[in-house]
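This report refers to the structure that appears directly beneath it.
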Amino acid sequence: MKKIHSDKAPKAIGPYSQAVLVNNILYTSGQIPLNLEGAIVGNNIVEQTEQVMKNLKAVLEEAGTNFENAIKTTCFLSDMSNFSGFNEVYSKYFTSNPARSCVAVKELPKQVLVEVEVIAIVK
């Protein structure tokens, strides 16, 4: 097992790794829309989802993979009325259409609107 850390993504806000690589499978922790200083980026679902994708991209690249190698995502929305706006951004990045779960949750860390985690193959 190898812990993955990218300086191009925000530091973990708790006792966890940005991602863990086991054999050739990468498991990312959920990414929320924080910048490198730990501030929330964006006031709406589109802006926040863009930041989440930027953070995920940095972690995936640090591990030697990318969005195309994603096999499963889990997506958390604070309000399912944001589903359409979220999908608008999500579909630009996950063009290979990996398996996905998308659920509404009562609350997310720092009261953000979205969190996404990814399982991806590292070739």
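What you see is a predicted model, and the numbers here were worked out from it, not measured in a lab. Each residue takes its place number in the sequence, starting with 1.
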### Message
If we count only N and O atoms by modelled type, under 3.5 Å, do the side chains of Gln51 and Asn55 hold a donor and an acceptor together?
### Response
yes
### Query
Looking at Ile71, Asn69, Thr73, which one forms a side chain to side chain contact (heavy atoms under 4.5 Å, CB included) with Pro98?
Thr73
Would you mind writing out the side-chain donor-acceptor pairs for residues 31-39 within the sub-3.5 Å range, not counting sequence neighbours?
unit_1 : atom_1 : unit_2 : atom_2 : d
Asn35  : OD1    : Glu37  : N      : 2.9
Asn35  : OD1    : Gly38  : N      : 3.0
Asn35  : OD1    : Ala39  : N      : 2.9

### Query
By salt bridge (Lys or Arg N to Asp or Glu O under 4.0 Å), which residues pair with Lys92, not counting sequence neighbours?
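Lys92 satisfies salt bridge (Lys or Arg N to Asp or Glu O under 4.0 Å) with Glu50 only.
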### Query
With sequence neighbours excluded, what pairs up with Glu61 under the salt bridge (Lys or Arg N to Asp or Glu O under 4.0 Å) test?
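In terms of salt bridge (Lys or Arg N to Asp or Glu O under 4.0 Å), with neighbours along the sequence ignored, Glu61 is linked to Lys57.
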### Query
Taking all atoms of both residues into account, what is the closest heavy-atom pair of Glu62 and His5, and its distance?
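Between these two residues, the closest heavy atoms are CG-O, 3.3 Å.
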### Task
Grab the two heavy atoms, one from Ala70 and one from Ser96, that are nearest each other, plus how far apart they are.
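In terms of heavy atoms, the two residues are closest at O-OG, 4.2 Å.
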### Task
With sequence neighbours excluded, give me every ring-ring contact (aromatic ring centres under 6.0 Å, His included) pair touching residues 22-65.
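Applying ring-ring contact (aromatic ring centres under 6.0 Å, His included) to every pair that reaches into residues 22-65, excluding sequence neighbours, yields nothing.
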### Message
Measuring only between side-chain heavy atoms, which start at C-beta, is Phe86 closer than 4.5 Å to Leu77?
### Response
yes
### Message
Quick check: do Arg100 and Tyr90 have side-chain heavy atoms less than 4.5 Å from each other?
### Response
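Touching, per the 4.5 Å side-chain cut-off.
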### Thr49 side chain to Val46 backbone, donor-acceptor under 3.5 Å
no
### Criterion side chain to side chain contact (heavy atoms under 4.5 Å, CB included) on Glu68 and Thr95, from CA distance to verdict
CA-CA 7 Å; Glu68 288 298 310; Thr95 58; 2.3 Å; yes
### Task
Kindly compute the distance separating CG (Asn44) from CG (Asn82), expressed to the nearest 0.5 Å.
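Spacing of CG (Asn44) from CG (Asn82) equals 8.5 Å.
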### Query
Under a 4.5 Å side-chain heavy-atom rule over Ile, Leu, Val, Met, Phe, Trp and Tyr, are Tyr16 and Ile25 clustered together?
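In one cluster with Tyr16: Ile25, no.
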### Query
Linking I/L/V/M/F/W/Y whenever their side-chain heavy atoms sit closer than 4.5 Å, directly or via other members, would Val20 and Val59 fall into one cluster?
no
### Query
Which ILVMFWY residues are connected to Val41, directly or by a chain of links, through side-chain heavy atoms under 4.5 Å apart?
none
Which donor-acceptor pairs under 3.5 Å do the side chains of residues 101-123 make with protein atoms, sequence neighbours left out?
unit_1 : atom_1 : unit_2 : atom_2 : d
Ser101 : OG     : Lys72  : NZ     : 2.9
Glu107 : OE2    : Gln111 : NE2    : 2.7

### Task
Go through the steps to decide whether Met53 and Phe67 satisfy the test side chain to side chain contact (heavy atoms under 4.5 Å, CB included), and finish with yes or no.
CA-CA 9 Å; Met53 296 304 155; Phe67 289 107; 4.1 Å; yes
### Query
Does the pair Phe76 and Thr74 meet the rule for a side chain to side chain contact (heavy atoms under 4.5 Å, CB included), with working shown?
CA-CA 7 Å; Phe76 306 94; Thr74 306; 3.4 Å; yes
